[in-house]
Amino acid sequence: LGLSGHRFIREHFTAEAISRQYYRLIQRAVVKNADLYNAIARDEFELYYQPIVNLGNGRINTIEAVVRWHHPQRGLLHPEDFLPAAEDTALIIPLGWWVLDQACQQLAAWQQQFPEQNCRISINLSTQQFLHPDLLTRLDQALATHQLRGADLVLELKDNTVMVDTSATTGLFMQLQDRGIQICIDGIGTHYASLSFLHRFPVSSLKIDARTINRLDIDAKLAEWLKSLIVMTHDLHIDLVAMGIETAFQHRRTREMGMTYGQGYGFAKPGPAATVTRLLDHSNPFSFLLEPLPSSSAMTHAEDAPLVLVVDDDRSLRKLLTIAVMQAGYRTIEAANGSEA
Ligand code: MG
């Protein structure tokens, strides 16, 4: 580049120019850290809770804790908005311990208030937290502090987390099993080339992702895949949780297929602890599930009914439309936008 290249190097690659750029980069990283770091100190995080429901009897079996951040400038943030940054900066560790403690504290309060409900708490662990040397100590501490049993706690892991270091995972799973703590693999879908980890590790449940559940009606291959997964997991005593249940049809379908639990807006969306307290206070909030299933001839009719695609980006509007269309005797599937449709 001749002279202009020479000038560029002179302007940008002097010790002073480089240190200025470094300083800017570091400042940006530190600000991000400080923001997140202060958020714990300033009590800006809150746990939301979403029930996981027994599809057979409508009872709340487990309550999943999910973290929200009340950001002073940006408002309510969902995990996908800040967990990647927290993972980059290792602040996921203190945040993760905070979640563990808060969730256990909340479960202890619910158990005291509703001893007959007998439900468990489920928390999501990042890979860093799962493989952290303090994990077992922290779990023991949280259980002891809040007087909970290991069986009260479910840890949700991504499948790639358990495959990062399979020998460490094997050891950890044994230690968790000794404590009665259960492991759930979160967000399973057909993109999984292999479910070989099911035979390697004592997993107690699998969550089938919402996308898969949503496409059951229109994708026969997907339904076949799920049927074979149900047979396999049944033999291994692994429960299946259907995520993203929004419609009565999805509920009926997953229940008929033999899935045990369900989670989704059809039951309840994630909300502050008080919303779940109200559900627990109601002896059987999802009792509509107990209505007898239609006879098989009626079901055949339902499966033959014309299929209507309901498209709307507003979830509640979509739900209302779906209900109206279903009441008119049609089957429905839903999409949230044009490309999905
Ligand atoms: Mg989860």
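These values consider heavy atoms only, across backbone and side chains, with no hydrogens, waters or symmetry-generated copies. Source: prediction; values computed, not measured. Indexing begins at 1, ligand by ligand and atom by atom, following the structure's order. Positions are given from 1, in the same order as the sequence printed here.
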Quiz item: Mind checking whether the Mg ion (ligand 1) has an N, O or S of Asn124 under 2.8 Å?
Solution: yes

Self-check item: No-hydrogen, no-angle side-chain donor-acceptor test under 3.5 Å, Asp209 and Thr212
Solution: yes

Quiz item: Is the shortest distance from a Lys or Arg side-chain nitrogen in Lys207 or Glu64 to a carboxylate oxygen in the other one below 4.0 Å?
Solution: yes

Quiz prompt | Salt-bridge present (Asp140, Arg179; N to O < 4.0 Å) | solution = yes

Self-check item: Name of the Glu156 atom (N/O/S only) found closest to the Mg ion (ligand 1)
Solution: OE1

Quiz item: Looking from the Mg ion (ligand 1), what is the angle between OD2 on Asp186 and OE2 on Glu64, to the nearest 10°?
Solution: 180°

Practice problem: Spell out, as yes or no, whether a donor-acceptor pair under 3.5 Å connects the side chain of Gln50 to the backbone of Ala268. | Solution: yes

